[in-house]
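Okay, structure first, notes after.
When a residue number appears, it is its place in the shown sequence, counting from 1. Start at 1 and go down the list; that is how both ligands and their atoms are numbered.
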Amino acid sequence: MKVLVIGKGAREHALCWRFSQSQKVWGLFCASGNPGISRTATQVDIEPTDIDSLARFAESEKIDLTVVGSENPLALGIADEFERRELPIFGPTKAATQLEASKSFAKTLMREAGVPTAEWETFDDANAARHYVKGHRRPLVVKADGLALGKGVTVCDNADSALAAITDAMEKKCFGEAGARVVVEDRLTGDELSFFALCNGEDAISLGAVQDHKAAYDGDLGPNTGGMGAYCPVPAYNTQFDERVMSQVVRPTLAAMVAHGTPFKGVLFAGLMVDGERIAVLEFNTRFGDPECEPLMMRFEGDLAETLFAVAQGRMHDVSFKLSPRSAATVVLASGGYPGDYHKGLPITGLEQIDGAEPSEVKVRWAMDKIRVKAFHAGTALRDGQLVTDGGRVLAVTAMAEKLERAVDAAYEAAGMIHFERKQMRRDIARRALDSVARRG
Ligand code: AMP
């Protein structure tokens with residue numbers, strides 16, 4: 001099979017890395033890729049949003065399967081265009097991507113489907129939104145309706161901050177047209193989790209829950225980022241939990257999408273808030289999460305190309321993969337200042353000890369301990385043969401081991417061997433889970 005992956009971050013690197021191990025894949029391409037990806041896939045110099053050029057490339061190369069990493073090409077209708085040209089693609093149509101691209105669409109669908117979610121109202125008029133806030137006693141969250149690069153959500157401590165968030169989104173247009181409409185919803189408490197399922201329209205297969213860490217600094221402090229780390233499986237959430245999410249969230253959502261005339265094919269990513277027995281959906285995304293994809297791909301056992309091809313064709317009975325019962329953890333190395341301003345072009349050193357062809361002492365030790373380590377590239381570039389930083393998130397260092405604690409230790413050991421000026425990372429990835437495992441003894 002010839003496979004094309006669309007995107008240029010650590011998520012796409014993890015997908016390419018897993019595809020490169022598939023027996024069935026003899027041609028692997030990535031548009032537009034990065035220096036890490038170029039070691040496993042042929043880099044194609046087409047931007048992920050240039051749909052016409054991507055479709056022409058897939059046609060001329062006779063690509064058997066295209067997999068889309070990020071939401072923007074999906075929201076622009078890449079799956080519709082590929083389907084129109086009869087090019088196999090794993091990802092939802094533009095209409096089905098509304099689950100992520102419009103919060104009000106997702107909320108209305110959840111209401112129709114009986115999927116548990118916070119109480120909410122949608123507003124196109126700022127005064128009506130303010131009136132709602134003033135009459136409401138419970139804490140609120142204000143969300144720009146459209147795609148706002150993950151920045152359109154304000155979790156409010158009081159009515160004043162909700163009123164300010166409405167003004168910012170609807171009148172100051174801080175998120176452009178994405179904030180012309182807002183969803184105002186009740187603020188929920190509990191554990192936040194990401195949940196993934198491979199969907200073919202009517203049916204779905206669970207990939208289970210992954211814990212990510214959104215805040216920039218230790219102790220969940222500081223501004224929200226794209227994600228500073230992740231791990232799975234999540235000790236407190238077992239297969240029974242999986243089945244509850246599949247029956248309360250995933251299957252009813254798919255059924256409602258079919259009834260709506262917009263069947264959902266691809267990766268359904270439900271952002272959940274879990275409080276004891278109560279599960280509520282905070283948001284849907286329509287693709288793999290980044291960094292959640294990295295530990296998931298580490299644990300994926302089976303042929304990824306065959307799996308996604310079978311799901312794309314609706315042949316769920318042909319899908320046979322397993323997720324390793326071992327634990328995988330990802331630590332993101334970011335540029336100092338991220339998610340605010342940061343420098344680019346800073347030299348990165350130390351990666352060869354982890355990723356190089358030469359056997360290093362640490363690699364031998366990890367191999368003896370059955371620990372797998374991989375540094376997925378997020379924002380890197382090559383300048384005159386030197387690897388340099390080229391984004392807010394630079395590398396997603398991922399390790400897998402028998403126990404979560406060993407995976408986390410190995411990820412941090414590897415992260416400590418990689419250097420660039422003003423390197424920033426969280427030091428407490430999976431800390432809460434490890435503490436509660438230790439408490440349970
Ligand atoms: P979203 O893009 O809707 O997932 O929102 C981004 C982040 O805002 C989530 O990951 C949560 O941390 C937070 N958030 C969103 N909705 C709520 C809610 N109803 N209650 C509490 N926190 C929320």
Side-chain angles (χ1 to χ4, degrees), residues 70-72 74-75 97-111 115-123 129 132-133 136-159 161-162 164-166 168-169 174-176 178-179 181-196 209-217 219-231 234 245 249 253 267-276 278-292 332 339 426 429 432:
S70 62
E71 62 276 23
N72 283 339
L74 294 170
T97 303
Q98 287 293 94
L99 261 187
E100 171 165 3
S102 167
K103 303 256 188 218
S104 54
F105 175 91
K107 295 291 283 189
T108 308
L109 192 107
M110 283 191 261
R111 182 179 280 163
V115 170
T117 187
E119 278 305 310
W120 96 105
E121 288 291 337
T122 299
F123 299 97
Y132 179 78
V133 168
H136 209 85
R137 298 208 167 270
R138 295 188 295 274
L140 291 168
V141 178
V142 177
K143 301 183 172 187
D145 185 58
L147 290 177
L149 298 170
K151 298 193 172 88
V153 175
T154 313
V155 179
C156 307
D157 289 327
N158 49 45
S161 72
I166 287 165
D168 285 349
C174 291
F175 313 111
R181 166 180 289 178
V182 297
V183 166
V184 183
E185 72 178 31
D186 282 3
R187 180 173 168 176
L188 302 177
T189 51
D191 277 346
E192 251 189 277
L193 277 180
S194 305
F195 190 91
F196 297 88
V210 184
Q211 180 75 70
D212 86 334
H213 295 68
K214 283 205 177 68
Y217 312 130
D220 289 331
L221 299 174
N224 261 2
T225 68
M228 295 299 287
Y231 65 90
V234 189
V245 180
V249 175
T253 299
V267 179
L268 184 64
F269 164 176
L272 305 176
M273 188 73 95
V274 186
D275 190 2
R278 197 212 65 207
I279 297 171
V281 176
L282 295 182
E283 65 163 347
F284 283 120
N285 295 307
T286 56
R287 32 80 197 177
F288 280 114
D290 189 354
E292 291 96 326
V332 170
R426 277 184 63 160
I429 300 305
R432 256 190 328 143

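Closest of all the heavy-atom pairs between Leu188 and Met273 is O-CE, 3.4 Å. In terms of heavy-atom proximity, Met228 sits nearest to Ala215 at CG-O, 3.4 Å.
Between Phe123 and the options Val133, Val183, Val182, a side-chain contact (heavy atoms from CB on, under 4.5 Å) holds for only Val182.
A salt bridge does not link Glu283 to Lys143: none of the charged nitrogens lies less than 4.0 Å from a carboxylate oxygen.
Within the 4.0 Å heavy-atom criterion, the part of Asp186 lying near ligand 1 is the backbone and not the side chain.
Shortest contact from atom 9 (C) of ligand 1 to any protein heavy atom: Glu192 OE2, 3.3 Å. Here the heavy atom of the protein found nearest to atom 14 (N) of ligand 1 is Val155 CG2, 4.0 Å. Among all non-hydrogen protein atoms, the one lying nearest atom 19 (N) of ligand 1 is Glu185 OE2, 2.7 Å. Protein heavy atom in closest approach to atom 17 (C) of ligand 1: Leu282 CD2, 3.5 Å.
For a threshold of 3.5 Å applied to N or O pairs, the pair formed by Arg187 and ligand 1 contains no separation below that value. At least one N or O atom of Leu188, backbone or side chain, sits closer than 3.5 Å to an N or O atom of ligand 1.
Rounding to the nearest 0.5 Å places CD1 of Ile279 at 12.0 Å from CG of Asp191.
The closest side-chain heavy-atom distance from Phe284 to Met110 is below 4.5 Å. Using a 4.5 Å cut-off on side-chain heavy atoms (C-beta onward), Leu282 and Glu192 make contact.
When Leu147, Val153, Leu272 are checked for heavy-atom proximity to atom 8 (O) of ligand 1, Val153 turns out nearest. Of the options Glu119, Lys103, Met273, Lys214, the smallest heavy-atom separation from atom 22 (N) of ligand 1 is shown by Met273. Of the candidates Glu100, Glu283, Lys143, it is Lys143 that places a heavy atom closest to atom 16 (N) of ligand 1.
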